[in-house]
A.B. asks: 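Provided herewith is a single structure, encoded as structure tokens, for subsequent inquiry.
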Amino acid sequence: MTAQLDITVNDHPAVTVVALAGELDIATGGLLRGALRRLVSEGRVRLVVDASALWFCDSTGLEVLIEGLDDAVRAGGTLHLTGVHGTLGVVLDATRLREAFRVDAAPIESLVHR
């Protein structure tokens with residue numbers, strides 16, 4: 001079975017939502033890294049990563065999210081997470097990095113808070 005990560009980007013008036021589906025790991029992390037860097041370089045720095053359909057995340061995936069957060073903050077923006085569950089939630093809690101991100105319960109909440 002081949003690892004897969006689908007990334008969908010949707011712009012909203014206040015934020016850009018990056019929806020993930022599949023698994024975020026060493027095989028797919030480069031896809032998200034590239035997408036987040038492209039968005040930040042385009043000036044789309046208020047990002048919400050929707051992990052509702054993400055069914056796996058390892059330490060490489062977490063590293064990519066942290067890099068995205070750092071890039072967005074350096075550019076004067078933010079990167080928030082929404083729909084956190086499963087292995088992403090476990091990895092965030094085990095590494096005590098949940099506090100590094102603003103984590104919202106649902107994508108709409110992230111949009112409303114802007």
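Any value given below was found using the heavy atoms of this structure, including those in side chains, with hydrogens, waters and symmetry copies removed. Please read these numbers as outputs of a predicted model, since none were measured by experiment.
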A.B. asks: Using every non-hydrogen atom in the two residues, find where Leu20 and Leu24 come nearest and quote the distance to one decimal.
C.D. replies: CD1-CD2, 4.3 Å
A.B. asks: Check for a donor-acceptor pair, side chain of His85 on one end and backbone N or O of Trp55 on the other, with a separation under 3.5 Å.
C.D. replies: no
A.B. asks: Is any side-chain heavy atom of Val49 closer than 4.5 Å to one of Leu54?
C.D. replies: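 No, side chains not in contact.
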A.B. asks: Closest approach of Ala72 and Thr78, non-hydrogen atoms and distance?
C.D. replies: CB-O, 3.7 Å
A.B. asks: Can you sort out the partners of Thr8 under side chain to side chain contact (heavy atoms under 4.5 Å, CB included), two or more places apart, ordered by chain and number?
C.D. replies: Asn10, Ala19
A.B. asks: Once you round to the nearest 0.5 Å, how far does CG of Leu32 lie from CG of Leu5?
C.D. replies: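 If I round to the nearest 0.5 Å, the distance is 6.5 Å.
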A.B. asks: Can you tell me if Thr87 uses its side chain to pair, donor with acceptor, with the backbone of Cys57 under 3.5 Å?
C.D. replies: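 Between the backbone of Cys57 and the side chain of Thr87 there is a qualifying donor-acceptor contact (under 3.5 Å).
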A.B. asks: We want to know whether Asp11 and Thr16 form a side-chain donor-acceptor pair, criterion being a heavy-atom distance below 3.5 angstrom.
C.D. replies: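 There is such a pair (donor and acceptor under 3.5 Å, judged by atom type) between the side chains of Asp11 and Thr16.
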A.B. asks: Count the heavy atoms of every other residue, nucleotide or ligand shown that sit under 6.0 Å from CG of Leu97, and state whether that count exceeds 12.
C.D. replies: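 Buried by this count: over 12 neighbours within 6.0 Å.
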A.B. asks: CG/Leu31 to CG/Asp6 distance, rounded to the nearest 0.5 angstrom?
C.D. replies: 9.5 Å
A.B. asks: First locate atom CZ of Arg102, then atom CG of Leu79, and finally report the distance between them rounded to the nearest 0.5 Å.
C.D. replies: 12.0 Å
A.B. asks: Which pairs, with at least one residue in residues 80-95 and sequence neighbours excluded, count as a salt bridge (Lys or Arg N to Asp or Glu O under 4.0 Å)?
C.D. replies: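 Of all non-adjacent pairs touching residues 80-95, those that pass salt bridge (Lys or Arg N to Asp or Glu O under 4.0 Å) are Asp93-Arg98.
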A.B. asks: Minimum heavy-atom separation for Arg74 and Asp71, please, with both atom names.
C.D. replies: NH2-OD1, 2.6 Å
A.B. asks: Might you point out which heavy atoms bring Val17 and His12 nearest each other, and give the distance in Å?
C.D. replies: CG2-CD2, 3.5 Å
A.B. asks: Please check if the side chain of Asp25 supplies one atom and the backbone of Thr28 the other of a donor-acceptor pair under 3.5 Å.
C.D. replies: yes
A.B. asks: As an exercise, state the distance from CZ of Arg46 to CG of Leu39, rounded to the nearest 0.5 Å.
C.D. replies: 14.5 Å
A.B. asks: Leu88 versus Leu65: any side-chain heavy-atom pair under 4.5 Å?
C.D. replies: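 Yes - at least one pair of side-chain heavy atoms lies under 4.5 Å apart.
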A.B. asks: What is the minimum heavy-atom distance between Val40 and Ala75, and which atoms define it?
C.D. replies: CG1-CB, 3.8 Å
A.B. asks: Do Val9 and Val64 belong to the same hydrophobic cluster, where Ile, Leu, Val, Met, Phe, Trp and Tyr are linked whenever their side-chain heavy atoms lie under 4.5 Å apart, directly or via other members?
C.D. replies: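 In one cluster with Val9: Val64, yes.
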A.B. asks: Rounded to the nearest 0.5 Å, how far does CG of Asp58 lie from CD1 of Ile26?
C.D. replies: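 Result: 7.5 Å between the selected atoms.
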A.B. asks: Honestly curious: do Val103 and Val90 fall in one hydrophobic cluster under the side-chain, below-4.5 Å linking rule?
C.D. replies: no
